[in-house]
Number of protein chains: 2
Amino acid sequence: MARSTHVRRPATLASLAAELGVSRTTVSNAYNRPDQLSPELRRRVLETARRLGYPGPDPVARSLRTRKAGAVGLLLTENLSYAFRDPAALGFLEGLALACEGAGQGLHLVPVNPEREDVAAVHRAGVDGFVVYSVPDDDPHLAAVLSRPVPTVVADQPHVEGVDRVGIDDRGAITALAQRLISLGHRRVGVLCMRLARDRNDGFVTTDRAEHATFHVQRARLAGLTDAFGAAGVDWGRVPVVERFDHSVASGASAAAQLLDADPHVTALICTSDILALGALAEARRRGLRVPQDLTVTGFDGIADADRVGLTTVRQPVLEKGRAAGKLLLASVDPTRPREITLNTELVPGATAAPPRTAEERWFGP
Amino acid sequence: MARSTHVRRPATLASLAAELGVSRTTVSNAYNRPDQLSPELRRRVLETARRLGYPGPDPVARSLRTRKAGAVGLLLTENLSYAFRDPAALGFLEGLALACEGAGQGLHLVPVNPEREDVAAVHRAGVDGFVVYSVPDDDPHLAAVLSRPVPTVVADQPHVEGVDRVGIDDRGAITALAQRLISLGHRRVGVLCMRLARDRNDGFVTTDRAEHATFHVQRARLAGLTDAFGAAGVDWGRVPVVERFDHSVASGASAAAQLLDADPHVTALICTSDILALGALAEARRRGLRVPQDLTVTGFDGIADADRVGLTTVRQPVLEKGRAAGKLLLASVDPTRPREITLNTELVPGATAAPPRTAEERWFGP
DNA sequence: AATTGGTTCTGAACCGTTACGGTCAATCCA
DNA sequence: TGGATTGACCGTAACGGTTCAGAACCAATT
C-alpha cells in the first residue's frame, strides 16, 4: 500500500492540472473537447487521472457552470409508489422514460408527500425542466415548480394558464361514451369518480363540489357527463355521484356498494377510471347482478385489465402521452414547438354495456 | 408593465442581497437558518424575493457547496422503460422509491442505452449514491459507477467484491425447488433462462457459457439446478438449457418451443423467471399439453400473474428488496450498517408441478 | 467599570468546473 | 518574405451558493 499517495481529498480537475503542470482548461478539454489538445497530451492527462483516481469532472460543478443538469424532473403529488401501481400512470411514466432515454436525459422523480405541504424537495431538484402529472390545480408543489426558472410541461391534470400542456379531450371523450349509454336507453345512472380535490371526501358529491373540483381531469369528465345527460333531458342534479380519495379497485367496489345501496334502481354505473370500474364489476358480481344484463358498467383509460374483462371504456394513449410530454419539454428551446398537444381517444365498445332492463323484465326476467 | 425591472438575468441570492443592502449570508440564512436573523428582516428578505421573482437558492449551486444532491441514482442496463414492464423490476423500483421518499431523497433514473457503451450519463448524474440493479458483472456502466466517489449498493445482479449488496439466495432457493421436482420423480428436465451475458445468444447454452455467465443471478440459479440434479444423479451436461436475450412472455414461449422440439421427452420445464414460465405455459397450451399432467412448469420470482395462474415458483420479496437497497444506501454514513442483506424466499407449491407420467401413461393415458 | 453572554449580521474563503478571449509559435500561401 | 491561418494551450472570470470565524451592539451580571 505504499503506492497510495495519502489522498485526503479526492483529486479534482485542478489538482490533476497541477500534477501535470498544465492549466485546468486543458484538463477540462481533455474530457470535453478532445480536438482542443494534442492526442499525446490528452493521453497523458487521462492516464494521470487514472493513476490519481480522478473520476472525471464533477457533475454538479459542471452543471452549475453549464447551466444544464441533464435531467428532467417529474412531479406527481401521489406517493411516489402510486405511480408504480396505477397502470395509467405507469404507462405515462414509461413513455416519459422513453423520451428522456432517447435524449440522453435522466428522469428525476421528485419525492413529495401528498399529506404535507413540504415544497423543499421541488426546490432541491437539480433539473432542467419539470413534467407535472396528476396534481390538483391548487397544489403547492405545482406552484413551487412554476416559480422555478425552468420550462414546465403539464400532463393532463393541472390546468394552468400559459403552461405547455399535453392531454386528451376528457370532456368530449366521456360525452361520446355517455351518448352511447343514452342511445342504449339509460336514463337512471350513477357515477363513480376519483378524488376531486385535495381534501378527502369519500361519499356523495354535491353539484358545487363537482363543478369546483381542482382535479381538472375529473372535473372535465363530470362536465362531459352533464353535457350528454343534460341534453338528453336528465336532471343532472339528481344523478348520484360517489367520490373516492384512494384510487384502487377496492375503492371502486365500496363506492359502487354505497351508490347501489342508496339507489338500487340505477341501470348503469359510469366510472371515471377503469380501476374504479373494475371495483364496480366486482361489487356487482358480489351482489349477483349480471353485467351487462342487470347493470351496465363503464370505465375510462383503457388499461390492460379493462381489455381483459371486456370493459366498455374510453381508451387513451397513455404511453404516447408520456412520450409527448417528454418531447415537448425537451423541445422547449424551440419557439415553434406546439404549446399544447391533444391526443386522440377511442371508444371501446366492450361487453359491459347493454340496454337497461325494462320494469317488466326486472320483475319477470328477460 | 412598467413595474417590471427589466430583469435580464433572473435574480440571484447576490442581487437580492444587493437590493436589500444586506450580505449574501443573511439572505442565505433567511432560507436555511431562520433562527440566525430577526423575524422582521427575514420577512423583508422573503418579500423582496417574491417581488423580484427570486425562486430561492439554486439547487445546483447549493449542491456544489454542500456536496449533497439530495438524490439517489438508479442504474439498470436495460432500457429505462424495461423497468416499467417487468413486474419484478417494477416491484423493486417501487420499494426503492418508497425508501427514497421516506428520506426525502429524489430518485434519479440514469438513462443508459444497453446497446451502446456510452458511459457519459453515469458521469453526468448529480447524485449522492447509486443503486445498481440487474446489470452484468462486466458492464461498463457499472465500472463507471464504481469509479465515482459515492456510495453504491448493488441489488441482486452484479456481484462485486467489497460493494454493499442486497439480494436473495438464488442458488439455494432454486435448489429447493429442484429438489421438489426430483422428489416428484422428474429426471428428464429442460431449463429456460434469461440472458446470461451481454451478447445475444437466443438458443441452447453450453456448459461453459452457463458457468461463465456474467449475469450473476442467472449463473447462480443455473448452478443451483446443477447442485440438485447432480446430487440426484442426473448428468447435467445432457440437460438442455435454452437462453433468451429478451425477457418477455413471448420469449418464454419461443424458448419452450425450441426446447420441446429438440427434446419432446422432457417432463418438466424449469424457468428462471415467472415471465418465461408464463410463456412456457402458453406454448404448452398451444401444443395441447396439459399442465401439470403432461408437463410440469416452474418459474421464479413470484409475480402477481404467476399467482393468478397458480404457477409453481419461488417467491422473492421484490418490493422489500428495493426498499432495503434504498435504506442501505441512505445509511452509508453509518459504519455499523450491514454490508450485505440477504432476504428470504418462499417456495410456492402452485399447481403446475406434478409427478411425470410414466411411459405407460404416455401411451395409454392416465 | 469591566466582563460576560446573546443576538444579529458581515467578509471572505471555498465548492469544482467551463466559457471566453486571448497568446504564441509553427505552418501555409502566393 | 511577409501576412494570414491554424493548432495548442492558458489566465481569468464567472456559475450561485454555504460556511465559519468574527464584528458590532446591547443588556445583564460581577
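Quick caveat: nothing in here was measured; it's all calculated off a predicted structure. Every chain is numbered from 1 and lettered A, B, ... according to where its sequence line falls, protein lines coming before strand lines.
Atoms CG (B:Leu13) and C1' (D:dC15) sit 13 Å apart, rounded to a whole Å. Rounded to a whole Å, the CZ atom of B:Arg67 is 8 Å from the C1' atom of C:dG16. Regarding A:Leu37, its CG atom lies at a distance of 13 Å from the P atom of D:dG7, rounded to whole Å. Atom CZ in A:Arg65 sits about 9 Å away from atom P in D:dG16, given to the nearest Å. The CD atom of A:Glu40 sits 15 Å away from the C1' atom of D:dC9 (whole-angstrom rounding). With rounding to whole Å, A:Arg124 atom CZ is found 17 Å from D:dG16 atom C1'. Atom CD of B:Gln36 and atom P of D:dG17 are 19 Å apart (whole Å). The distance from atom CZ of A:Arg42 to atom C1' of D:dC9 is 16 Å, rounded to the nearest whole Å.
Taking 4.0 angstrom as the limit, A:Ser23 places a side-chain polar atom (N or O) nearer than this to OP1 or OP2 of D:dC10. Side-chain N/O atoms of A:Ser63 include none lying less than 4.0 angstrom from OP1 or OP2 on C:dT17. Within the 4.0 Å cut-off from OP1 or OP2 of D:dT18, at least one side-chain nitrogen or oxygen of B:Arg62 is found.
A:Ser28 and A:Thr25 share no donor-acceptor pair across their side chains, judged by distance under 3.5 Å alone. Judged by distance alone, the side chains of B:Arg42 and B:Asn29 never bring a donor and an acceptor atom under 3.5 Å apart.
Residue B:Val60 is classed as having no contact, given no heavy-atom separation below 4.0 Å to the nucleic acid. Residue B:Leu64 is classed as a base contact, given a heavy-atom separation below 4.0 Å to a base.
A:Val160 is not listed as a side-chain neighbour of A:Asp137, based on a closest heavy-atom distance of 4.5 Å or more.
In this structure, the helix from C:dA1-D:dT30 to C:dA30-D:dT1 shows an angle of 40° between the axis at its start and the axis at its end, each fitted on 5 base pairs and rounded to 10°.
The pair B:Glu47-B:Arg50 fails the salt-bridge criterion, with no side-chain N (NZ, NE, NH1 or NH2) lying under 4.0 Å from an Asp/Glu carboxylate O.
Identified under the salt bridge (Lys or Arg N to Asp or Glu O under 4.0 Å) test for residues 155-167 of chain A, with sequence neighbours left out: A:Asp156-A:Lys321, A:Asp164-A:Arg337, A:Asp164-A:Arg339, A:Arg165-A:Glu340.
Positionally, the nearest nucleotide of DNA chain C for B:Leu41 lies more toward the 5' end than for the other of B:Leu41 and B:Ala61.
Ring-plane geometry between B:His108 and A:His108 is classed as perpendicular, the angle between the planes exceeding 60 degrees on a 0 to 90 degree scale with a lower cut at 30. Between A:Tyr54 and A:Tyr31, the angle of the ring planes goes over 60°, which puts this pair in the perpendicular group of the 30/60° scheme.
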Next on the checklist: Applying salt bridge (Lys or Arg N to Asp or Glu O under 4.0 Å) to A:Arg323 and A:Glu320, what does each step give before you reach the verdict?
Outcome noted: CA-CA 5 Å; A:Arg323 199 201 305 258; A:Glu320 205 41 61; 3.6 Å; yes

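Evaluated for a side-chain contact (heavy atoms from CB on, under 4.5 Å) with A:Val132, the options A:Val163, A:Leu76, A:Val145 yield exactly one hit, A:Val145.
Contacts of residues 24-34 of chain B with DNA chain D (heavy atom under 4.0 Å): B:Arg24, B:Thr25, B:Ser28, B:Asn32, B:Arg33.
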